Participant: 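Structure below; questions to follow.
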Amino acid sequence: MENFNFYSPTEFVFGRDRENECGAYVKKYGGKKVLIHYGGGSAVKSGLIDRVKKSLNDAGVPFVELGGVHPNPIDTKVYEGIELCRKENVDFIVAVGGGSSIDSAKAIAMGVPYEGDFWDFYSGKAPAAALPVATVLTIAAAGSEGSGDSVITKVDGMLKRGAGSDLIRPRFSILNPALTCTLPAYQTACGVTDIMAHVFERYFTNTTEVEITDRLCEAVLCTMVKEAPRVIADPNNYEARANIMWAGMVAHNNVCGVGRGQDWNSHAIEHELSAMYDCAHGAGLAVIMPSWMEYVMNHNVMRFAQMATRVFGCAMNFENPAETAKAGIKAFRAFLKSIGMPINFAELGAKVEDIPEMVRKLNPGNGWGFQPLKAADVTEIYNIAAKASV
Ligand code: NZQ
Ligand code: ZN
């Protein structure tokens with residue numbers, strides 16, 4: 001295991017009806033004027049925004065609001081939010097929604113105190129300050145409720161890029177699993193896929209002797225395999241929703257990834273798909289992640305065989321571990337298909353002729369990850385993904 005620091009300062013407020021405490025928590029963390037930031041309307045329709053506003057009113061905290069965050073959030077909404085916060089002297093941002101609303105809120109939070117263009121933080125610069133951010137989560141997926149990351153797309157050039165800083169870790173995150181019951185089955189499955197991908201990006205490591213984090217990763221993965229079919233069959237199953245919601249946080253606040261090298265190539269490869277086709281991030285991962293696995297499997301066959309036996313219950317073939325590894329990848333892809341995810345380009349709506357452009361924009365070659373990838377490797381992964389089947 002490698003040396004590490006683990007910093008996860010967010011207060012998680014979990015359970016039924018907890019959104020009604022939002023105002024009290026804003027007060028606890030010193031917010032004097034709030035921006036409520038949300039998406040395309042699901043949180044308005046469900047009455048959640050009204051409940052959040054009521055709790056702020058009850059706590060005597062004034063607020064302004066900015067809705068309309070696009071899934072795969074874009075820079076133009078961030079500029080709008082920065083301007084509004086400055087004009088209204090906002091000092092605290094509450095994102096209500098999923099990764100998109102939260103990431104947009106984090107970008108605004110970094111942009112408000114910064115004199116330059118907030119995009120600098122998505123081009124490698126570290127922020128020196130940020131407004132405090134909190135979340136009321138409505139979809140278990142991105143893990144942004146517990147992470148120091150934000151992903152934004154710059155409309156000019158459709159560049160999807162990430163920024164990371166402890167300054168944008170939420171002060172508090174309200175996680176009421178009941179809020180996720182209104183999710184369409186497709187979005188639920190996209191979320192499950194993203195959660196599994198966050199774990200796999202950490203699981204496939206070159207660091208040895210990491211039993212504790214291996215086992216934590218496997219616990220999250222097994223939970224997804226058990227609970228996802230339950231919520232697809234019964235969207236109002238609170239207990240299954242609760243397990244998935246907490247798993248989404250555990251998968252990405254890095255408790256499963258400390259002390260070990262991580263990969264993240266599948267995420268980078270997927271981000272080109274969601275930038276180009278505006279598909280759901282989880283759906284893009286369903287197409288890419290098993291294809292990446294097939295391509296890099298021989299880098300460490302035993303690690304893939306371990307995943308196959310411990311997560312998908314495949315029988316270990318001691319004479320030919322590669323067969324076990326392959327069976328695990330096949331089981332993963334079949335699982336994704338069974339919960340309604342696309343598994344190839346045609347099902348996602350992606351085109352083979354766009355592969356060179358995606359590889360050009362991704363510009364691989366830095367040589368990082370479980371198995372360092374060059375442009376030719378990424379091209380081959382897209383090619384595998386294009387024609388994948390179960
Ligand atoms: O916009 P509304 O109307 O709210 O609809 C959303 C959206 O269409 C809908 N939805 C959310 N909660 C709902 C609901 N519909 C009904 N009932 C509910 N309770 O679901 C759709 C997807 O929402 P979105 O916020 O886009 O989903 P997600 O949480 O998957 O976030 C995706 C974004 O997060 C980024 C992705 O790249 C993508 O841009 N990521 C952020 C990360 C981070 N900050 O740490 C890490 C991830 O790897 C990921 O890259
Ligand atoms: Zn993700």
Side-chain angles (χ1 to χ4, degrees), residues 10 19 37-49 67-75 77-78 95-107 109 122 133 135-154 158-165 168-170 173 175-202 231 235-236 241 244-245 248-249 251-254 257 262-275 278-286 288-289:
T10 305
E19 64 274 17
H37 197 41
Y38 54 92
S42 73
V44 175
K45 207 170 133 202
S46 68
L48 175 60
I49 294 294
V69 178
H70 189 269
N72 299 317
I74 51 178
D75 59 343
K77 183 60 79 179
V78 175
V96 182
S100 296
S101 297
I102 300 171
D103 287 3
S104 185
K106 288 174 171 177
Y122 295 77
V133 173
T135 84
V136 180
L137 189 65
T138 64
I139 172 171
S144 193
E145 69 276 14
S147 82
D149 304 316
S150 162
V151 185
I152 300 289
T153 299
K154 190 181 181 62
M158 293 314 276
L159 288 177
K160 189 169 187 180
R161 296 289 180 263
S165 166
I168 53 172
R169 285 182 180 273
S173 281
L175 277 56
N176 174 359
L179 297 178
T180 65
C181 292
T182 53
L183 278 167
Y186 184 76
Q187 288 297 343
T188 297
C190 286
V192 165
T193 307
D194 195 17
I195 291 168
M196 293 181 84
H198 291 164
V199 172
F200 280 134
E201 299 281 23
R202 294 171 163 98
V231 290
N236 291 317
R241 291 278 186 196
I244 292 175
M245 196 169 218
M249 202 298 295
H252 201 42
N253 84 331
N254 213 25
Q262 303 184 9
D263 189 71
W264 296 100
N265 279 316
S266 294
H267 263 67
I269 295 169
E270 187 295 310
H271 282 163
E272 296 308 322
L273 287 171
S274 45
D278 204 13
C279 59
H281 169 61
L285 284 168
I288 294 300
M289 190 115 227

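No hydrogens, no waters, no symmetry mates; every other heavy atom, side chains included, goes into these values. Only a predicted model underlies this, so the values are computations on that prediction, with no experimental measurement involved. Both counts, for ligands and for their atoms, begin at 1 and track the order of listing.
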Participant: Assess whether side chain to side chain donor-acceptor pair (under 3.5 Å) is satisfied between Ser144 and Asp103, documenting all intermediate values.
Facilitator: CA-CA 7 Å; Ser144 193; Asp103 287 3; 2.6 Å; yes
Participant: Among the heavy atoms of Pro73, does any lie under 4.0 Å from an atom of ligand 1?
Facilitator: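 Contact present.
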Participant: Report the member of Lys160, His70, His281 with the shortest heavy-atom distance to atom 39 (O) of ligand 1.
Facilitator: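 The option holding the nearest heavy atom is Lys160.
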Participant: Enumerate the atoms of ligand 1 whose separation from the nearest heavy atom of Gln187 is less than 4.0 angstrom.
Facilitator: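 Ligand 1 atoms under the 4.0 Å threshold to Gln187: 20 (O), 21 (C), 22 (C).
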Participant: Gly143 to ligand 1: N or O pair under 3.5 Å?
Facilitator: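 N/O-N/O distance below 3.5 Å does not exist for this pair.
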Participant: Does ligand 1 have any atom that is closer than 4.0 Å to a heavy atom of Gly41?
Facilitator: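 The answer is yes: ligand 1 sits under 4.0 Å from a heavy atom of Gly41.
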Participant: Among Ala142, Gly40, Ser42, Ser104, which residue places a heavy atom closest to atom 4 (O) of ligand 1?
Facilitator: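 Minimum heavy-atom distance to atom 4 (O) of ligand 1 goes to Ser42.
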Participant: Quick one: does ligand 1 sit under 4.0 Å from the side chain of Thr153, the backbone, both or neither, non-hydrogen atoms only?
Facilitator: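 Neither part.
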Participant: Which protein N, O or S atoms sit under 2.8 Å from the Zn ion (ligand 2)?
Facilitator: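 Those protein N, O or S atoms (cut-off: under 2.8 Å from the Zn ion (ligand 2)) are Asp194 OD1, His198 NE2, His267 NE2, His281 NE2.
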Participant: Compare every heavy atom of Asn72 with every heavy atom of Thr153, then report the nearest pair and how far apart it is.
Facilitator: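 It is OG1-O, 4.4 Å.
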Participant: Looking at ligand 1, is there an atom of it that comes within less than 4.0 Å of some heavy atom belonging to His198?
Facilitator: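 The answer is yes, since His198 has a heavy atom less than 4.0 Å from ligand 1.
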Participant: Could you tell me the residue and atom name of the protein heavy atom closest to atom 13 (C) of ligand 1, and the distance to it rounded to 0.1 Å?
Facilitator: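 Result for atom 13 (C) of ligand 1: Leu183 CD2, 3.3 Å.
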